*Asks:* 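One structure coming up, written as structure tokens, with questions to follow.
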Amino acid sequence: MATKYETVIGLEVHIELATESKIFCSCSAKFGGEQNDHVCPACCGMPGMLPVVNKHVVDLGMTAGMMLNCDINRVTTFDKKSYYYPDLPGSYQTTQWFSPVAVNGTVRINTSKGEKDIRIKQIHMEEDAGKLVHDDWTNTTFVDFNRTSVPLIEIVSQPDLSSAEEVVAYLERLRSLLRFAKVSECRMEQGSMRCDVNLSVRPEGSNVLGVRTEMKNMNSISAIERAIEYETARHIDAIENGTEELVQETRRWDDIKGKSFAMRNKETAGDYRYFPDPNVMPVCIDDEWFDGIKASLPEFPEVKKDKYITELGLGEYDADLLTESRALCDVFEEAYAECGMAKEAANWIISNCMKVLNRKQLTADMLDINGKALGQLIKLVADGKVGNANARKILDEMFENDIEPEKYAEENGFIVSNDTSKIQDVINAVVAADQKSVADFKSGKEKALMALFGKCMKELKGNCDPQILREMLLKTIQ
Amino acid sequence: MDREILRRLEKLNQLQLTEQEKEAFLAFYAKQENEMDVLNSINTDETERMVHVMPILTVVREDKVIKKYSREDLQKGAPETTEGYWQVPRLVE
């Protein structure tokens, strides 16, 4: 009988934290920018410069730890990881080795085989490295330190994952929780979420681990899925058919070729020669700091979803869409608190707000409008004070400026007028100018009425109750 | 410390030591090893880990962007720059 194999996978996930400034200096941590524009003597490794810890990095490190059910180390320390490469100018990375900010957590995932808890070994805070551009022409390397010292956390799982499906579920769960807690945008395409996969294969039931390889360079969740499937098959092939000798190494995934390639021999922990960084004193998290972060944690997405369905009467589909993003939930809850109409508030966000976001090429997490104002707008529409088309114009404006919808509607002539004499004047003028449509309607062409209706509404700039207009129009031409 | 470990450290630190320097390092580490043996002989099972030699904690700063330096100032001492990049010898093929 053919041997069955099981895959053993542990993940190291790097998350770029949502801070304004870098971890040890006050330079901007913003993605992009002109090369070497976000730099100072500290992050370009000039001698004598001392690091000063960004408090918000520790806030977010703790938040991530609490969201993943970790124990928080109340005294957490930074260490130097020796690393000679020009993307880190100090020749070391400041990271956490001996007392990381959070340890011993769990993340519960759902797959086709049911629920499973994945253990988190630790979460540590560290600085990112810079960007290198290799130039073949001059055989030199161009260095950009903008990303150097941008704050990261690395989430290290235990080797509890056993398939690509579980890995995808785990990463999606991490992304959802960390976005919800505003720890990071977790955008793989921008590199704010990066994942290294440690994988080995062994006969099912064996308790001896196989040769482990580490894979890098996957920039989407689907690429990670493909890489795991390829690497698992490569290991099994090597074990069964002796096609190659498996060695402990770091491999680079090439998504276009659909293959992994050896990069370099894996350094062992000893090679990095970690030692306490004497320039950064221990960070002590007192009760006040700890309790403040604990109190700021958001509800988990599934708790919100359940509440939206059972308490607010939303359908599962709407509740799912809203709870994909904390920003959507925040705007929804504010809008609902203002207008008291859950279904309408959900519809406005899911259809109209999402349309504007798509048009602006923004993600749901970037929804940044005043939820209370949205609630007021929904009320204006429900009360028949503003027509739908004009309400959408007001929404567009809300994406640009913090406006009061009713005031804006008044200033721009968007308030529905039920001044019947004005409506009648418009109807009379339209009917007089389009006798053909009137004749068509009288001869039984129902569509002709819509043409007249449309012309009247256009003249009235949408500021008319459609029901009143229809009734008055019918009365006039009959 | 022996020649093999020294060769490994040389490689990890991207250094090329002269024979004279190697001898000096070996002699230096031989002395340190005795010190290490003394330290290793002490029973620390019940001792709490010392996180820093000074009994002080760090200060933290607020998450605020402050731009104090221009790229041009920072690159004044650089041996070579190109279009705002520091330019360095290529390390990997």
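Labels below follow one simple rule: chain letters A, B, ... track the order of the sequence lines, proteins then strands, and each chain is numbered from 1. Heavy atoms only: backbone and side chains are in, while hydrogens, waters and symmetry mates are out. In this text, all values refer to a predicted model and were calculated from it rather than measured experimentally.
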*Asks:* Check for me whether A:Lys80 meets the cation-pi criterion with A:Tyr92, that is, NZ or CZ under 6.0 Å from the six-membered ring centre and within 45 degrees of the ring axis.
*Replies:*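 Judged by the rule, A:Lys80 and A:Tyr92 form a cation-pi pair.
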
*Asks:* Can a donor-acceptor pair be found, under 3.5 Å and without considering hydrogens, that links the side chain of A:Arg194 to the backbone of A:His14?
*Replies:*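 Side chain of A:Arg194 to backbone of A:His14: no pair is present.
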
*Asks:* Among the options A:Val52, A:Thr77, A:Asp144, pick out the one with the most heavy-atom pairs lying under 4.5 Å from chain B.
*Replies:*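 Most heavy-atom pairs within the cutoff with chain B belong to A:Val52.
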
*Asks:* Any salt bridge linking A:Lys259 with A:Asp254? Criterion: basic side-chain nitrogen under 4.0 Å from a carboxylate oxygen.
*Replies:*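 Salt bridge between A:Lys259 and A:Asp254, a charged N being under 4.0 Å from a carboxylate O: no.
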
*Asks:* Please rank A:Val280, A:Asp136, A:Val133 by heavy-atom pairs under 4.5 Å with chain B and give me the top one.
*Replies:*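 Winner by heavy-atom pair count: A:Asp136.
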
*Asks:* Is it the side chain or the backbone of A:Phe145 that comes within 4.5 Å of chain B heavy atoms, both, or neither?
*Replies:*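 Side chain only.
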
*Asks:* Tell me, side chain or backbone of B:Lys64 under 4.5 Å from chain A's heavy atoms, or both, or neither?
*Replies:*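 Only the backbone of B:Lys64 comes within 4.5 Å of chain A.
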
*Asks:* By a 4.5 Å heavy-atom criterion (distance strictly below it), what part of A:Cys40 contacts chain B: side chain, backbone, both, or neither?
*Replies:*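 Both backbone and side chain.
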
*Asks:* May I ask you to name which of A:Ser99, A:Pro89, A:Pro276 has the most heavy-atom pairs under 4.5 Å with chain B?
*Replies:*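 That would be A:Ser99.
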
*Asks:* With chain B, which of A:Gln35, A:Met46, A:Lys22, A:His56 has the greatest number of heavy-atom pairs at distances under 4.5 Å?
*Replies:*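 Heavy-atom pair counts peak at A:Gln35.
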
*Asks:* Could you tell me if A:Arg74 sits above the aromatic ring of A:Phe290, with its cationic atom closer than 6.0 Å to the ring centre and no more than 45 degrees from the axis?
*Replies:*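 Judged by the rule (NZ or CZ under 6.0 Å from the ring centre, within 45° of its axis), A:Arg74 counts as positioned above A:Phe290.
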
*Asks:* Relative to chain B, which of A:Thr19, A:Thr140, A:Asn54 shows the most heavy atom pairs under 4.5 Å?
*Replies:*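 With the most close heavy-atom pairs to chain B, the winner is A:Asn54.
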
*Asks:* Quick one: what part of A:Leu17 sits under 4.5 Å from any heavy atom of chain B, side chain, backbone, both or neither?
*Replies:*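 Answer is neither: A:Leu17 stays 4.5 Å or more from chain B.
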
*Asks:* In terms of heavy-atom proximity below 4.5 Å to chain A, should B:Glu83 be classed as side chain, backbone, both, or neither?
*Replies:*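 Both parts, heavy atoms under 4.5 Å.
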
*Asks:* Indicate whether the side chain of A:Glu16 and that of A:Ser184 have a donor and an acceptor atom separated by less than 3.5 Å.
*Replies:*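 Result is no, nothing qualifies.
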
*Asks:* Regarding A:Asp59 and A:Trp289, do their side chains bring together a donor and an acceptor under 3.5 Å, going by distance alone?
*Replies:*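 Distance-only check passes for A:Asp59 and A:Trp289.
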
*Asks:* Would you call A:Asp37-B:Lys67 a salt bridge at under 4.0 Å N-O?
*Replies:*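 Yes, charged N to carboxylate O under 4.0 Å.
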
